[in-house]
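Worksheet for the structure shown next.
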Amino acid sequence: MNIQENSIVRFHYSVSEPGQVSLESSHDREPLSILIGHGNIIPGLEQAMLGRQAGDSFEVIVSPEQAYGEYREGMTQRVPRKHFKNAKLVPGMQVILPTQMGQRAMTVLKVGISVVDVDMNHPMAGKTLCFAVELLDVRDATDEEKAHGHAHGDGGHQH
Ligand code: ZN
């Protein structure tokens with residue numbers, strides 16, 4: 001079946017800036033499962049999956065607007081250190097913290113005794129990204145998955 005809204009897609013990916021080494025890849029862990037049409041992955045990647053099938057492999061170049069947005073100045077925030085579970089914080093490190101907008105990736109700028117300065121821009125903000133994708137399975141979402149807005153089972157949410 002072709003990938004469309006409310007498909008569940010299980011896939012491997014790696015992402016890099018064009019011509020550079022991989023920034024992140026699923027190949028060293030389990031493939032990812034996502035529900036199409038619910039904003040679970042960046043728009044440029046979701047768009048590139050539509051109409052494709054299990055077994056397809058493809059590469060797509062995604063502009064910042066279709067990925068993690070433009071890099072914005074003035075996005076530094078000071079966060080109490082107790083919010084970080086990881087004790088070994090170093091500048092330049094990427095961390096994921098819960099915010100009012102859900103889980104967000106950010107970059108550690110400066111580590112103090114009781115506070116940590118972070119750059120709230122997504123670590124891949126402002127970057128044109130090249131995704132290499134290998135589509136493993138495609139199936140229809142269950143009613144429960146549609147209601148929850150995410151994939152269940154292998155590579156998806158485990159409740
Ligand atoms: Zn769920």
Side-chain angles (χ1 to χ4, degrees), residues 1-17 22-72 75 77 79-89 93-108 116 118-159:
M1 58 179 281
N2 292 338
I3 295 173
Q4 55 188 316
E5 192 167 332
N6 291 323
S7 293
I8 300 285
V9 181
R10 208 164 65 92
F11 64 102
H12 268 305
Y13 72 95
S14 71
V15 57
S16 60
E17 290 185 76
S22 167
L23 293 167
E24 191 183 296
S25 164
S26 64
H27 288 280
D28 50 2
R29 51 181 200 258
E30 291 293 298
L32 209 65
S33 277
I34 55 112
L35 172 61
I36 296 287
H38 292 254
N40 290 336
I41 53 168
I42 60 164
L45 185 54
E46 186 166 273
Q47 199 60 39
M49 284 187 178
L50 294 176
R52 295 183 192 268
Q53 298 177 324
D56 286 358
S57 291
F58 66 93
E59 276 192 18
V60 60
I61 305 270
V62 181
S63 65
E65 311 84 75
Q66 292 298 306
Y68 294 99
E70 295 293 347
Y71 186 87
R72 293 194 287 147
M75 293 274 283
Q77 273 197 23
V79 182
R81 178 136 192 189
K82 64 179 181 211
H83 291 211
F84 296 84
K85 285 186 186 119
N86 188 333
K88 282 178 271 174
L89 293 168
M93 184 179 183
Q94 291 173 16
V95 289
I96 294 172
L97 279 191
T99 70
Q100 289 109 318
M101 291 169 284
Q103 298 277 331
R104 277 191 62 158
M106 56 193 81
T107 306
V108 173
V116 179
V118 293
D119 181 348
M120 299 287 287
N121 280 291
H122 189 281
M124 293 186 206
K127 293 182 176 173
T128 295
L129 298 173
C130 177
F131 286 88
V133 176
E134 194 185 329
L135 300 171
L136 303 174
D137 310 306
V138 180
R139 63 172 172 87
D140 287 321
T142 63
D143 289 341
E144 190 184 48
E145 286 171 321
K146 287 182 214 168
H148 287 197
H150 54 230
H152 291 161
D154 285 351
H157 279 248
Q158 315 280 350
H159 299 281

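Just follow the structure's listing: the first ligand is 1, and inside any ligand the first atom is 1. Just so it is clear, the values below take in all heavy atoms, side chains as well, and ignore hydrogens, waters and symmetry mates.
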Partner of P123 under side chain to side chain contact (heavy atoms under 4.5 Å, CB included), chosen from V95, T107, L23: T107
Residue and atom names of protein N/O/S atoms that fall under 2.8 Å from the Zn ion (ligand 1): H148 ND1, H150 NE2, H152 NE2, H159 NE2
Plane angle bin for H150 and H148 - parallel if under 30°, tilted between 30 and 60°, otherwise perpendicular: perpendicular
Flag for H152-H159: side-chain donor and acceptor within less than 3.5 Å: yes
Contact check, side chains of Y68 and N121, non-hydrogen atoms, under 4.5 Å: no
Charged N-O contact under 4.0 Å between R10 and E134: no
Residues in ring pair (Phe, Tyr, Trp, His ring centres under 6.0 Å) contact with H83, at least two apart in sequence or another chain: none
